[in-house]
Protein chains: 2
Amino acid sequence: MIENNDTSAQDSCDENPAFNNRHNHQDCISSALDKAQALCRTRNSRLTPVRKRVLELIWQSHKPLGAYQILSQLAADGFNSAPPTVYRALDFLLEHGLLHRIASLNAFIGCNNPNHNHHGYFLICRSCGSAQEIEAGNLSTYLRKNASAAGFVIESETVELSGLCPLCLEQQGHSQSDK
Amino acid sequence: MIENNDTSAQDSCDENPAFNNRHNHQDCISSALDKAQALCRTRNSRLTPVRKRVLELIWQSHKPLGAYQILSQLAADGFNSAPPTVYRALDFLLEHGLLHRIASLNAFIGCNNPNHNHHGYFLICRSCGSAQEIEAGNLSTYLRKNASAAGFVIESETVELSGLCPLCLEQQGHSQSDK
DNA sequence: TCATTGGTGTAATGTTATAACAGAACCGGC
DNA sequence: GCCGGTTCTGTTATAACATTACACCAATGA
């Protein structure tokens, strides 16, 4: 059985910023960029202008962004903007754990915890498009145990949960009572 | 193709057929088609030739199949083979629970339990490409509980676990000891 | 019988992602 | 400084996945 005795820590961005329209999003952005800078320094990797800009663009919101959306933003910024430019930057950021790819959306979202080598489990709102990475401490253990019963060894996990976020649920409630 | 004719030690479609190269795969195919026929009859839906053929093609193996792979097979069979033909058939089969889409592969796999309204959780072997749907009784409850802590209501779940299946693990062991 | 519905045919296009190769920028050793 | 390897970027083309829009046909049923 799975239990949840999870007490996730809180940093400048609160626990579920994507579903909190009162959080200071500038903090999310600057925190993400700071972490990226620091991480690249320690790894002797280069956070070049394109890469940095892609990371910024992705952190503009908590909605996963498609590669071609990023591309058109880059173009507007005067960057080169052929597909490989973006995909290379995305690959780099993915490799360093600064991003996650959301397979069910073909889109990318920032990760605010690139050091901690964790699994990306996501709540994705089908209404507003926001996505929130969640901690689910025992989930991986449970999945691995379950898989091993079939003799299977898990290497990577795609867990993407779609539905309605608290903000959209509230709005829905209002619009219903308005009727 | 994963099948053999030794009927001594096998049930028609055992628990994890995708990872068992001794199961009688003909049984998987005919069982899936029978269930589809029956289900369409009770729902007054039409399992037209294209739809039936697509379902057959998908059940040729336990490896998820891309839409364009299906397309080229249909073409070889003399069917019309423009993308909409396949995607319409796939949509129909998905709606009736006869298939699942694997988002992380952009591919489709048969579901051998279309009546039982269950979640599709998958083990996907990165080496041989086979995928096996698994039951994980508590998982959905756990995920929903976990999500509700963030005020989120889950509507659909994408759980795709990639790794190595028992058959490929065994092979890997051999090839290592061969060195 | 004729109107409605559901299914298919066809052409075009939209969206996401990669291949292949050339050239520029960076960096460590001399 | 400058050479040579490596990493990063520019560019063109194309692969892979999916949808739109509209025309037509076939089964159903008042």
Side-chain angles (χ1 to χ4, degrees), chain A residues 36-37 39-55 57-58 63-75 77-96 98-109 124 129 158 160, chain B residues 36-37 39-41 43-55 57-58 63-96 98-109 124 129 158 160:
Chain A
Q37 300 269 22
L39 184 141
C40 286
R41 232 177 345 254
T42 65
R43 295 190 189 170
N44 270 316
S45 291
R46 292 161 56 200
L47 192 62
T48 63
V50 193
R51 291 167 176 176
K52 186 178 171 188
R53 186 63 186 137
V54 169
L55 190 58
L57 288 170
I58 281 178
K63 304 186 202 303
L65 222 50
Y68 281 74
Q69 291 177 275
I70 297 166
L71 205 50
S72 64
Q73 298 257 22
L74 281 183
D77 294 353
F79 280 87
N80 172 49
S81 62
T85 302
V86 165
Y87 282 101
R88 284 169 187 151
L90 291 171
D91 285 345
F92 174 89
L93 297 167
L94 283 169
E95 273 166 23
H96 286 83
L98 297 162
L99 292 185
H100 289 286
R101 181 168 191 275
I102 310 280
S104 58
L105 300 176
N106 295 325
F108 302 84
I109 191 159
I124 304 163
T158 299
E160 297 168 8
Chain B
Q37 301 270 23
L39 183 142
C40 286
R41 229 175 348 253
R43 295 190 190 168
N44 271 316
S45 292
R46 292 162 56 198
L47 193 62
T48 63
V50 194
R51 292 167 176 176
K52 185 177 172 190
R53 187 62 186 137
V54 169
L55 190 57
L57 289 170
I58 281 178
K63 304 185 202 303
L65 222 50
Y68 279 71
Q69 290 177 274
I70 297 166
L71 205 50
S72 65
Q73 298 258 21
L74 281 183
D77 294 353
F79 280 86
N80 171 50
S81 62
T85 302
V86 165
Y87 282 102
R88 284 167 187 154
L90 291 170
D91 285 345
F92 174 89
L93 297 167
L94 284 170
E95 273 166 23
H96 286 82
L98 296 162
L99 294 185
H100 290 287
R101 180 166 191 276
I102 310 280
S104 58
L105 299 176
N106 295 325
F108 302 84
I109 190 159
I124 304 163
T158 299
E160 296 168 8

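For clarity, every value in this text was computed on a predicted model and none was experimentally measured. Values below: every heavy atom of this structure, side chains too, minus hydrogens, waters and symmetry copies. A note on names: the letters A, B, ... follow the listed sequences, proteins ahead of strands, and every chain is numbered from 1.
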- Item | Phe79(A) side chain near Arg53(A) side chain, heavy-atom distance below 4.5 Å | yes
Dump every N/O contact between nucleotides 24-27 of chain D and the protein below 3.5 Å, one line per pair.
none

- Mapping Asn80(B) and Pro83(B) to their closest nucleotides on DNA chain C, which lands nearer the 5' end? Asn80(B)
- Arg88(A) side chain reached by Arg51(A) side chain, heavy atoms, under 4.5 Å: no
- Between Leu74(A) and Asn80(A), does a side-chain contact (heavy atoms from CB on, under 4.5 Å) hold up when you go through it step by step? CA-CA 7 Å; Leu74(A) 281 183; Asn80(A) 172 49; over 6 Å; no
- Tyr68(B) ring over dC17(D) six-membered base ring, under 5.5 Å and 30°: yes
- Query: Could you give the distance from CG (Asp77(B)) to CD1 (Ile70(B)), rounded to the nearest 0.5 Å?
  - Reply: 12.0 Å
- Got a donor-acceptor contact below 3.5 angstrom from the Glu160(B) side chain to the Thr158(A) backbone? no
- Message: Below the 4.0 Å mark, does dT7(D) have OP1 or OP2 next to a side-chain nitrogen or oxygen of Arg88(A)?
- Response: no
- Specify the separation, in whole Å, of atom CG of Asp91(A) and atom P of dC8(D). 12 Å
- Message: Pick the closest DNA chain D nucleotide for Gln69(B) and for Ala89(A) by heavy atoms, then say which residue is nearer the 5' end.
- Response: Ala89(A)
- Item | Rounded distance (nearest 0.5 Å) linking atom CG of Leu90(A) with atom CG of Leu98(A) | 11.5 Å
- Item | Nearest listed nucleotide, side chain of Pro84(A), among dT19(D), dT9(D), dT11(D) | dT11(D)
- Message: I need the Ser45(A) OG to Glu95(A) CD distance, nearest 0.5 Å.
- Response: 8.5 Å
- Message: Quick check: on DNA chain D, is the nucleotide nearest Thr48(A) upstream (toward 5') of the one nearest Ala107(B), or the reverse? Name the residue that is more 5'.
- Response: Thr48(A)
- Query: Which two nucleotides bound the region of DNA chain C that has atoms under 4.0 Å from heavy atoms of chain B, read 5' to 3'?
  - Reply: dG7(C) to dA11(C)
- Rounded distance in Å - CD1 (Ile70(B)) to P (dC17(D)): 11 Å
- Take the protein atom CZ of Arg53(A) and the nucleotide atom P of dT9(D), then report the distance between them rounded to whole Å. 15 Å
- Any side-chain N or O of Asn106(B) under 4.0 Å from OP1/OP2 of dA16(D)? no
- Message: With rounding to the nearest 0.5 angstrom, report the CD to CD1 distance, Gln73(B) to Ile58(B).
- Response: 10.5 Å
- Task: Would you mind reading off the distance between Ile102(B) atom CD1 and dA18(D) atom P, rounded to a whole angstrom?
- Result: 12 Å
- Note on the structure: Side-chain atoms of Phe108(B) come closest, of dT11(D), dT20(D), dA18(D), to dA18(D)
- Query: To the nearest 0.5 Å, how far apart are CG in Leu55(A) and CZ in Phe108(A)?
  - Reply: 13.0 Å
